[in-house]
Amino acid sequence: MSEPDIDTLTEDEAKAELARLARVIAHHDRLYNQEDAPEITDAEYDALRARNAAIEARFPALRRADSPSLRVGAPAAQGFAKRAHGAPMLSLANAFSAEEFSRFFDTARRFLGRDAPFSLVAEPKIDGLSLSLTYEAGALVAATTRGDGAVGEDVTDNARVIDAVPQSLRPPFPARIEIRGEIFMAKADFLALNDAETAAGRRGFANPRNAAAGSLRQLDPRVTAGRRLGLFAYALGDVSQPVADSHWQYLQRLRDWGFSVNPYSERLTDEAEAAAFQAGIAERRGGLAYDIDGVVYKIDDLALQRRLGFAGREPRWAIAWKFPAEQAMTVLRQIDVQVGRTGALTPVAILAPVNVGGVLVTRATLHNEDEIARLDLREGDTVRIERAGDVIPRVLGMIPDLRPPGTAPFHLPDHCPACGSAAMRPPNEVVRRCTGGLICPAQRQERLVHFVSRGAFDIDGLGERSLAELQACGLIKSPADIFRLHAHEADIAAREGWGTVSARNLVHGIEARRTLPLARFIYALGIRRVGANTAKLLARHYRTIDAWRAAMREATIIGSDARLALGNILGIGPAIATELADFFIEPRNIALLDDLLREVRVSPDDFVASASRLAGKTLVFTGTLTHMTRPEAKARAEALGARVTESVTGKTDFVVVGADAGSKARRAAELGVAILSEEAWLDLARNEA
DNA sequence: ACTCCTCGAGTTCT
DNA sequence: CTCGAGGAGT
């Protein structure tokens, strides 16, 4: 490539060059991501992006709204239907050391109020992708990827052509059953596939896991059929009738039905055996035919599993003891500055591409300027990085001996690189923010991305990239414009990379979301400190958009009744109240809101509170409980929608009094708070469950 | 005033 | 997933 030297570019030339690069990079992204047919090598592609970044570094003001540096990759290919899982597919707590491992089971013991160690089942953790298979009357009827745990993608057609997936179960079997397993590609098959792919002039996959994922997520099942994939089954989801008392028996059932279960799985009589097992597997790791990234240990007794239940999305009865994260050294070429939705300036390390655990890492967040100072990082340094917790790369530190001469400490700019407004760092805060608000193109883009994101309007077919494009060409200036795009369907269809079908899909995706519940609407506005949860609190309290708006407008007056009422909502304190008031005091925001409400309908949230009489109640446990431990009771109550606190106050609805209760029971009596015996509580919990 | 916990924000790569 | 800040409770 014989392009002009960046240092000699005039501003106009730079502008033209950025436009060209945006176009070219978008073109290659599309080839790579959607058509699986790259025309250039990774290195050439990286060079294009690096050139774009370098020009932007010299002319920050010229950065385009659709700049490639503002995004990574393309929106996921459409084409698979969504399907909900019968029982959610959960994630697992991780341990990286023997201490973390035993602490986990100590916590479980405390939860159950038990002294004895647990029998465990240990299974190598395959580095593939999880798949849920549904069988009815013994026949495979659905295969679903994990997705977000609640809803995944329907890949049934592909599962039907994978030899390792049983198409029917050997009897006897329950009427309906969900089986979870890990799809993977053996290392040798991965290498052979990549040889074939490169021989055919294609790019190949970065690692076996991506190869397995790519093979499973083919739109054409014939391609999947040509790939060699394995499956190890490891768990059950929703089942029409109980099939075992222990996890170890589960595994046996799975084998009986015709599944492969990992042959290195073992039953351990107590936790003390885990360390030796872990060491044994670590030693075997290199010799295994497939990649593993640790070992999963599950409490064998299903009755105990049920009692332990879940904390958030993680079971309290299983943990993944991971092998140490892989580390690598590379050069920190440059520190870029990104501008987020709230104006936060985030420094990002641009790294010489390096392979860490099978993934080519090119960037890593540096969080904030304090972090950079703490690690004493400078552009040009050689740094040690790791992929922590599997995914997100982290810069661990730099190697002083390898620092080249002539480097300088890094400081965040005091003006926004996207819009030039002042960037301030409030005292006692870590983050420096652009003060440009809606005049900042970077903030506008990120707000729109948030607006259409999953928890908000959730508009299908409108991703980061198309937003940037439609913004750059002037079709979208504010959120409400999205709902006026239908008038421009023909213009959009005529754009490069679109077409009548995708334009129509986009318009349909938008129309499908013209009505949405209040909580989502509030969340979509992207008010600082108001996330999905706080939005739900507000929606539950105010019920309708009109009531909320009226209250918020009044709450802009400090000391008003509405402001006090706002601060009295449990979970909303002064900071959030101020943030809401600040939003509603700004005429621009009111205009934006009015404009938006001309286009969309907001439905009241139906919190026809879960049937449970405990929903929304606050309760306190005191004294010694005999049937459950305190944490177990707490978890149980929370599962029924209640809040559990420690002290009895005017806000407390019930106090559950165990044996030898003391001052709290007395205080409850004084305050006239309802008192329940442990038996009454157990009845209540049982009946509401 | 201090501690524990929850929530929000930002981020990687496929 | 991780970090920092806010909120609730002691």
Side-chain angles (χ1 to χ4, degrees), chain A residues 29 32-34 36 42 70-77 91-94 129 145 203 205-207 209-217 311-314 322 325 336-351 353 355-368 370-371 374 385-395 426 428-431 433 442-443 446-447 449-450 453 455 464 523 526-537 567-579 618 620 634 638 643-649 651-652 663-664:
Chain A
D29 277 344
Y32 179 51
N33 289 298
Q34 281 157 34
D36 229 357
D42 279 9
L70 290 174
R71 41 149 235 271
V72 186
S91 43
L92 282 177
N94 289 320
L129 63 154
T145 62
R203 180 191 290 237
F205 293 98
N207 54 50
R209 175 156 49 111
N210 291 354
S215 302
L216 185 67
R217 298 185 72 260
R313 333 188 90 203
E314 295 174 352
K322 295 281 194 73
D336 265 13
V337 178
Q338 288 186 356
V339 184
R341 165 166 72 89
T342 61
L345 301 196
T346 307
V348 177
I350 306 299
L351 306 165
N355 198 313
V356 193
V359 169
L360 199 64
V361 173
T362 58
R363 335 163 33 97
T365 177
L366 297 173
H367 299 112
N368 55 60
D370 288 1
E371 169 84 354
R374 190 175 65 76
I385 63 173
E386 73 169 12
R387 283 206 311 144
D390 284 301
V391 227
I392 297 182
R394 184 163 65 149
V395 176
N428 302 325
E429 284 191 29
V430 180
V431 189
R433 287 176 200 280
Q443 286 193 51
E446 294 306 316
R447 284 208 208 184
V449 169
H450 171 79
S453 68
E464 227 172 285
Y523 173 66
I527 301 167
R528 183 137 95 97
R529 297 184 214 283
V530 179
N533 244 290
T534 307
K536 237 176 251 163
L537 289 179
N568 275 335
I569 301 175
L570 192 58
I572 299 198
I576 296 177
T578 306
E579 212 63 63
T618 301
V620 173
K634 178 170 194 277
E638 283 168 351
R643 274 173 53 84
V644 178
T645 57
E646 290 300 324
S647 59
V648 181
T649 69
K651 291 182 186 171
T652 310
S663 63
K664 288 184 195 172

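First the proteins, then the strands, lettered A, B, ... as listed; each starts at 1. Since this is a predicted model, take the numbers as computed values, not measurements.
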### Query
Going by heavy atoms in the side chains, are Arg374(A) and His367(A) under 4.5 Å from each other?
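The answer is no; the side chains never approach within 4.5 Å.
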### Query
Hey, does His450(A) have a side-chain heavy atom less than 4.5 Å from the side chain of Tyr523(A)?
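The answer is yes; the side chains approach within 4.5 Å.
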Separation of [N] [atom2] from [X] [atom1] (nearest whole Å):
{"X": "Glu579(A)", "N": "dA9(B)", "atom1": "CD", "atom2": "C1'", "result": "13 Å"}
{"X": "Asn368(A)", "N": "dG10(B)", "atom1": "CG", "atom2": "C1'", "result": "11 Å"}
{"X": "Phe205(A)", "N": "dT14(B)", "atom1": "CZ", "atom2": "C1'", "result": "10 Å"}
{"X": "Glu429(A)", "N": "dG10(B)", "atom1": "CD", "atom2": "P", "result": "12 Å"}
{"X": "Ile385(A)", "N": "dC13(B)", "atom1": "CD1", "atom2": "C1'", "result": "13 Å"}
{"X": "Arg528(A)", "N": "dG8(B)", "atom1": "CZ", "atom2": "P", "result": "13 Å"}
{"X": "Leu537(A)", "N": "dG8(B)", "atom1": "CG", "atom2": "P", "result": "8 Å"}
{"X": "Glu464(A)", "N": "dT14(B)", "atom1": "CD", "atom2": "C1'", "result": "14 Å"}

Which part of the nucleic acid does [X] contact within heavy-atom distance under 4.0 Å: base, sugar-phosphate only, or nothing?
{"X": "Ala213(A)", "result": "nothing"}
{"X": "Val431(A)", "result": "nothing"}
{"X": "Glu371(A)", "result": "nothing"}

### Task
Quick one: list whatever passes side chain to side chain contact (heavy atoms under 4.5 Å, CB included) with Ala213(A), sequence neighbours left out.
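Expected list: Leu129(A).
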### Query
Pairing of DNA chain B as dot-bracket, 5' to 3': ( ) intra-strand, [ ] crossing, | other strand, . unpaired, with Watson-Crick or G-U pairs under 3.5 Å?
||||||||||....
Could you give the side-chain donor-acceptor pairs of residues 569-577 of chain A under 3.5 Å, partners two or more places apart or in another chain?
none

Hey, does the side chain of [X] come within less than 4.0 Å of [N]'s phosphate (OP1/OP2), counting only N and O?
{"X": "Gln338(A)", "N": "dG10(B)", "answer": "no"}
{"X": "Arg529(A)", "N": "dG6(C)", "answer": "yes"}
{"X": "Asn533(A)", "N": "dC7(B)", "answer": "yes"}
{"X": "Arg341(A)", "N": "dA9(B)", "answer": "yes"}
{"X": "Thr342(A)", "N": "dG10(B)", "answer": "yes"}

### Task
Mind checking the CD-CZ spacing from Glu386(A) to Arg394(A)? Nearest 0.5 Å is all I need.
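Going from the CD atom of Glu386(A) to the CZ atom of Arg394(A) covers 5.0 Å.
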#### Entry: Derivation and outcome, side chain to side chain contact (heavy atoms under 4.5 Å, CB included), residues Thr362(A) and Ile350(A)
CA-CA 6 Å; Thr362(A) 58; Ile350(A) 306 299; over 6 Å; no
Nearest to the [X] side chain among [options], which nucleotide is it?
{"X": "Thr362(A)", "options": "dT12(B), dG7(C), dC13(B)", "result": "dC13(B)"}
{"X": "Thr346(A)", "options": "dG10(B), dC3(C), dG7(C)", "result": "dG10(B)"}
{"X": "Thr534(A)", "options": "dC7(B), dT12(B), dG7(C)", "result": "dC7(B)"}

### Query
Taking it one step at a time, do Arg433(A) and Thr342(A) satisfy side chain to side chain contact (heavy atoms under 4.5 Å, CB included)?
CA-CA 8 Å; Arg433(A) 287 176 200 280; Thr342(A) 61; 2.6 Å; yes
### Query
Do the side-chain N and O atoms of Thr534(A) and Arg529(A) include a donor-acceptor pair separated by under 3.5 angstrom?
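No, because no side-chain N or O of Thr534(A) sits under 3.5 Å from a partner of the opposite role on Arg529(A).
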### Task
Would you mind telling me which residue lines up with the more 5' stretch of DNA chain B, Tyr523(A) or Ala364(A), judged by nearest nucleotide?
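It is Tyr523(A) whose nearest nucleotide is closer to the 5' end.
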